[in-house]
Amino acid sequence: MEEKSALRRFTDRVYGGIHFSWPGVILYAVGAAVLTTVFLVSPLFKGTSFARMGETLEAWIFFAVLIIANAESPLDSALKTFVFFLISQPLIYLFQVPFSWQGWGLFQYYRYWFILTLCTFPAAFIGWYIRKKNWLSLLILMPVLLLLAYLCKDVVKQVIHAFPHLLVMLLFCVLQILLYLYAFTEKRSQRIAGALVLIAVLAAMVLMPKQVDFFSSQFLPDNPVLTEQAAVTVEDPGIAEISVSGTGEDSTVLIHVHAYGETAFSIRDGERDYPYTIHIYEDNQGVSQIEITAR
């Protein structure tokens, strides 16, 4: 019998040799929520790779794969991963409430993570089979690797133009790809095939126009005091959908961006009209920016 290398013994231990009891899963979820909240609310981590733990998926992929690879069965994998997300995600918003100007309004962003939480059950059930380390395992693993590769591609421009900004996130994604390709395959041919697929898809991503789809809450430049009756009309909803998300002294709008470009919008509140222009663009670091001006 061929002796396992030190790296293989390590990956087998981490991805298959850890026992996650139910109390352990709960503590794991609470700990992840606390850590994420610290990164999000502390000024020390503002704009860093660590703050993105509450915005993007690379850390949550890492957390989930640990549970999936150490579960006893597909159902155990699905249940524990689902409960982990069901506990951790709302706690992150709850812990931020005392530190945010939005207060309980933060929970308007939980909808995305709740949908993601529901998806973890079937995904983790199927994902358990990556433990088999065969060609089917590689096929199941590929969507995760492709998502990590996409996150890498999305942040490379920022790393280049503002080095070492987000370098930690980039390295974390790359290392996860390499680790999973090694840990959940046994044959070199599987790793080469997986790497070639990633390279081909990344090349296609680079050549394709960038798709834009994100939410952002923004103050208005003239600081209007809006009421609950305020309604928004957007000239070109193909660029962005806009709704009033906060009223009173701290009135804000919630913007769902669909494309880069410029369009006009207005807010009708009783007898008053507030006309604006919104400009959505990508800066030289690859970061999407929103600029609102009063007309």
Distance in Å, I255 CD1 paired with E241 CD, rounded so as to fall on 0.5 Å steps: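 Reported value, rounded in 0.5 Å steps: 12.0 Å.
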Are more than 12 heavy atoms, taken from residues, nucleotides or ligands other than Y281, located less than 6.0 Å from that residue's OH atom?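 It does: Y281 OH has more than 12 such atoms within range.
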Should we count CZ of R295 as having more than 12 external heavy atoms under 6.0 Å?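 Yes, enclosed.
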Could you list who else is in V225's hydrophobic cluster, with ILVMFWY side chains joined at under 4.5 Å, directly or through other members?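 Via sub-4.5 Å side-chain contacts, V225 links to none.
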Connected hydrophobic set around L196, excluding itself, where side chains approach under 4.5 Å: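 L196 clusters with I192.
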Could I get the full list of side chain to side chain donor-acceptor pair (under 3.5 Å) partners for [X], not counting sequence neighbours?
X    : answer
Y112 : none
E249 : none
Y276 : D222
T37  : none

Which pair of heavy atoms, one from M53 and one from T36, lies closest together, and at what distance?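 What the structure gives for the nearest pair is CE-OG1, 3.1 Å.
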Donor-acceptor pair, [X] side chain versus [Y] backbone, under 3.5 Å?
X    : Y    : answer
S251 : P224 : yes
K80  : F20  : yes
N70  : G16  : yes
T56  : E58  : no
T81  : A78  : no
R8   : Y182 : yes
H279 : T293 : no

Would you mind reporting whether [Y] and [X] have side-chain heavy atoms less than 4.5 Å apart?
X    : Y    : result
L220 : L226 : yes
H258 : D213 : yes
D273 : R268 : yes
D12  : K133 : yes

Apply side-chain contact (heavy atoms from CB on, under 4.5 Å) to E72 and H19, showing your working. CA-CA 9 Å; E72 297 176 1; H19 174 62; 3.9 Å; yes
Check the pair C152 / V174 against side-chain contact (heavy atoms from CB on, under 4.5 Å), numbers first and verdict last. CA-CA 7 Å; C152 288; V174 170; 3.8 Å; yes
[X] and [Y]: same hydrophobic cluster, using ILVMFWY side-chain contacts below 4.5 Å?
X    : Y    : result
V159 : V156 : yes
L146 : L175 : no
I18  : F10  : yes
L35  : V168 : yes

Ignoring hydrogens and angles, write down the donor-acceptor pairs under 3.5 Å from the side chains of residues 119-130, residues two or more places apart or on other chains.
| from | atom 1 | to | atom 2 | distance (Å) |
| --- | --- | --- | --- | --- |
| T120 | OG1 | T117 | O | 2.5 |
| W128 | NE1 | A71 | O | 3.0 |

Say whether Y28 and S88, considering side chains only, have a donor N or O and an acceptor N or O under 3.5 Å apart.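 There is no such pair between these side chains.
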Run the ring pair (Phe, Tyr, Trp, His ring centres under 6.0 Å) test against [X] and tell me which residues pass, sequence neighbours left out.
X    : result
F50  : F39, F45
F215 : H256
W101 : F219

Residue pair C173, Y150: steps toward the side-chain contact (heavy atoms from CB on, under 4.5 Å) verdict: CA-CA 9 Å; C173 290; Y150 173 79; over 6 Å; no
Tabulate below the donor-acceptor pairs under 3.5 Å that side-chain atoms of residues 91-98 make, not counting sequence neighbours, or state none.
| from | atom 1 | to | atom 2 | distance (Å) |
| --- | --- | --- | --- | --- |
| Y93 | OH | Y109 | O | 3.2 |
| Y93 | OH | W113 | NE1 | 3.4 |
| Q96 | NE2 | I92 | O | 3.3 |

Parallel, tilted or perpendicular: which fits the ring planes of F63 and F84, with parallel below 30° and perpendicular above 60°?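 It falls in the perpendicular class, over 60°.
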Classify the ring geometry of W104 against F107: parallel below 30°, tilted from 30° to 60°, perpendicular beyond 60°.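 Parallel, since the angle between the ring planes stays under 30°.
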Aromatic contact, F62 with F172 (centres under 6.0 Å):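 Yes, close enough.
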Assess whether side-chain contact (heavy atoms from CB on, under 4.5 Å) is satisfied between I242 and L254, documenting all intermediate values. CA-CA 6 Å; I242 304 173; L254 180 64; over 6 Å; no
Taking only distance into account, with no hydrogens and no angle test, what donor-acceptor pairs under 3.5 Å do side-chain atoms of residues 229-240 form with protein atoms, sequence neighbours excluded?
| from | atom 1 | to | atom 2 | distance (Å) |
| --- | --- | --- | --- | --- |
| Q229 | OE1 | T227 | OG1 | 3.3 |
| D236 | OD1 | G238 | N | 3.0 |

